[in-house]
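The basis for the numbers below is simple: all heavy atoms, side chains too, and nothing from hydrogens, waters or symmetry mates.
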Amino acid sequence: MNYSKDGITVSPMLDTAHPKKSGKCPVKIRVTYKRTRCYYPTGKDMTPEEWEALPTTKARTLAAVRKDIESSYQIVRSAVEELATSGAFSLDALNNRLKGAASDTVNTAFRAKMDQLERAGRVGSMVVYRGVLLGLERFAGSHIRFDAVTPSWLGRYSAFLLSEGKAQTTVAIHLRHLRAILNEARRQGIIREAQYPFGKDRYEIQEGEGRKMALTLEQIGRLARYEDGSDATAKYRDYWLFLYLCNGINVADFVRLKFRDIVNGEICFVRQKTERTTRTRKEIRVIVIDRMQAIIDRWGNPPAPDRFIFPVLDGSEDAMRRKLKTQFLTRAINKRMKEVGEQLGIGPISTYTARHSFATVLKRAGANIAYISESLGHSDLKTTENYLASFEREEREKNAELLTKF
């Protein structure tokens with residue numbers, strides 16, 4: 001497994017510089033060109049002793065690992081040869097061709113995608129892919145070949161997830177992420193068009209019906225006035241109200257708000273979820289009404305342009321630590337608001353309830369659907385983009401007032 005031509009070399013290697021807690025090291029495919037190296041994960045980990053024995057081993061488990069490594073190597077080598085033959089080889093071109101997915105198994109492709117997302121700082125997406133992979137491996141094991149994923153296989157996998165108690169909406173999320181991996185495999189030529197299992201007359205993903213989680217203005221008013229003498233309850237209640245009043249903002253965006261994001265009495269932010277996936281940078285603007293300012297004054301940091309509004313992050317966190325802090329805050333809000341909802345006889349309340357309630361309150365009050373879509377930062381209503389851009393501050397002020405009539 002060694003390729004060398006036109007100044008390009010391709011070979012598998014054991015990355016002993018980055019050992020894992022298990023004592024094993026990741027096996028990667030190394031491509032060298034003009035003294036620059038790129039590494040592509042295979043999803044396999046081995047000890048140095050196993051690596052030394054790999055070429056001649058007859059042990060069944062190691063032989064299977066060797067076969068997977070050979071498959072990963074062949075995919076990288078084929079991409080290198082195709083680009084070199086066309087005269088278009090560069091490491092950037094190779095990266096675009098491979099996207100880190102040098103594998104003939106679904107499992108390894110998922111792990112490569114997770115590595116790619118982690119390197120890009122997209123920890124939230126990485127966590128979702130990891131959860132989907134865990135579900136796949138519970139269903140079909142740690143060596144799922146692409147050609148095994150057929151329409152009937154997908155049907156059985158869907159039924160398996162439902163049997164675990166997952167809602168149809170969650171099942172659809174799992175299947176969409178699997179489809180994304182297969183789309184990339186199809187683009188790379190790992191699977192042929194005839195093998196692709198999704199689409200019309202093949203397997204079509206069934207979307208779940210959204211849960212009805214919106215509160216009425218009367219319920220929100222009761223929640224806003226609720227007191228039990230606890231500072232924790234008051235803080236998390238106010239945080240929840242801020243999420244609702246700030247266009248149903250997600251917690252991941254809430255914790256990143258800085259005082260410099262307040263411009264002329266408006267909070268201006270771009271959704272973290274869509275800032276990398278849309279062609280145009282869609283900025284959301286929210287009038288800072290009195291109730292929001294009171295929450296900032298009570299629970300926020302001392303104002304300074306580069307300081308976070310709320311004391312959750314301090315700016316020293318890497319992507320993973322930021323994700324963990326966001327998850328911790330979300331759980332804390334949800335736990336306390338669930339208790340508040342039960343005390344008020346409303347039922348469970350979560351951060352998602354705030355977002356859903358924002359949209360529904362405006363809809364019930366007669367707000368324009370296009371305006372609501374823009375306020376939420378949705379990116380999939382392209383036919384309304386030009387109209388959405390015409391909304392001015394007066395429209396936002398009018399609709400901001402609707403949110404506080406409780």
Side-chain angles (χ1 to χ4, degrees), residues 124 165 167 210-259 261-262 267 269 272 286-303 307-314 317 321-365 375-376 399-406:
R211 291 175 290 171
K212 305 303 182 184
M213 302 180 69
L215 304 183
T216 65
L217 279 174
E218 185 273 334
Q219 290 172 326
I220 295 170
R222 291 166 57 200
L223 186 157
R225 294 185 291 271
Y226 180 82
E227 296 283 355
D228 65 2
S230 165
D231 283 346
T233 297
K235 181 174 74 171
Y236 293 130
R237 176 207 62 203
D238 282 354
Y239 277 6
W240 187 95
L241 284 170
F242 195 94
L243 299 178
Y244 161 71
L245 295 168
C246 195
N247 286 29
I249 191 173
N250 290 320
V251 178
D253 297 316
F254 167 81
V255 300
R256 295 196 309 165
L257 292 176
K258 293 187 174 183
F259 284 98
D261 296 324
I262 302 178
I267 291 179
F269 68 97
Q272 181 181 355
V286 184
I287 299 294
V288 181
I289 58 176
D290 290 344
R291 184 73 186 232
M292 294 171 68
Q293 187 60 54
I295 293 171
I296 293 173
D297 294 341
R298 184 176 185 184
W299 305 111
N301 284 312
R307 188 172 289 158
F308 291 105
I309 294 177
F310 294 100
V312 181
L313 305 178
D314 58 28
E317 300 87 355
R321 183 64 178 161
R322 185 165 60 247
K323 178 67 176 179
L324 291 174
K325 284 190 173 183
T326 302
Q327 289 178 329
F328 180 84
L329 178 62
T330 303
R331 287 193 293 266
I333 296 173
N334 287 345
K335 180 180 178 181
R336 189 62 57 137
M337 295 308 296
K338 179 181 178 182
E339 295 170 356
V340 172
E342 290 172 350
Q343 289 295 319
L344 293 173
I346 295 174
I349 300 172
S350 69
T351 58
Y352 182 77
T353 312
R355 185 168 177 80
H356 197 90
S357 297
F358 163 79
T360 305
V361 165
L362 289 186
K363 183 178 179 181
R364 288 170 179 159
S375 299
L376 290 167
N399 286 291
E401 292 175 0
L402 294 174
L403 298 173
T404 56
K405 292 182 178 179
F406 49 73

If you measure from CG on D253 to SG on C246, what distance do you get to the nearest 0.5 Å? 9.0 Å

Is there side-chain contact between I267 and N247, with heavy atoms separated by less than 4.5 Å? no

How would you list all residue pairs meeting salt bridge (Lys or Arg N to Asp or Glu O under 4.0 Å) that involve residues 239-248, not counting sequence neighbours? none

Walk me through whether I349 and Q219 qualify under side chain to side chain contact (heavy atoms under 4.5 Å, CB included). CA-CA 11 Å; I349 300 172; Q219 290 172 326; over 6 Å; no

Listed by chain and number, what are the side-chain contact (heavy atoms from CB on, under 4.5 Å) partners of E339, not counting sequence neighbours? K335, R336

From CG (D261) to CD1 (I309), nearest 0.5 Å: 6.5 Å

Can you tell me how far OH of Y244 sits from NE2 of H356, rounded to the nearest 0.5 angstrom? 12.5 Å

side-chain hydrogen bond (donor to acceptor under 3.5 Å, both in side chains) filter on K325, not counting sequence neighbours, yields E317

Separation of L313 CG from T326 OG1 (nearest 0.5 Å): 5.5 Å

My understanding is that only residues two or more places apart in sequence, or in another chain, count here; which of them pass salt bridge (Lys or Arg N to Asp or Glu O under 4.0 Å) with R222? E218

Once side-chain contact (heavy atoms from CB on, under 4.5 Å) is applied, do any residues pair with R307, and if so which ones, sequence neighbours excluded? F259, N301, P302, A304

For L329, enumerate each residue passing the side-chain contact (heavy atoms from CB on, under 4.5 Å) test, keeping only those at least two apart in sequence or located in another chain. Y236, Y239, V251, F254, V255, V312, I333

Note, I346 side chain near Y226 side chain (heavy atom, < 4.5 Å): no

Under the salt bridge (Lys or Arg N to Asp or Glu O under 4.0 Å) rule, what pairs show up with a residue in residues 226-235, not counting sequence neighbours? E227-R237

For K338, is the NZ atom crowded, meaning more than 12 foreign heavy atoms sit under 6.0 Å from it? no

Can you list everything that forms a salt bridge (Lys or Arg N to Asp or Glu O under 4.0 Å) with R298? Sequence neighbours excluded, please. D238

Which distance, rounded to the nearest 0.5 Å, do you find between the CG of L243 and the OG of S357? 11.0 Å

What pairs with L324 under side-chain contact (heavy atoms from CB on, under 4.5 Å), at least two apart in sequence or on another chain? M320, Q327

CG on L257 to CD1 on I262, rounded to 0.5 Å: 8.0 Å

If the condition is side-chain hydrogen bond (donor to acceptor under 3.5 Å, both in side chains), which residues does D290 pass it with, not counting sequence neighbours? none

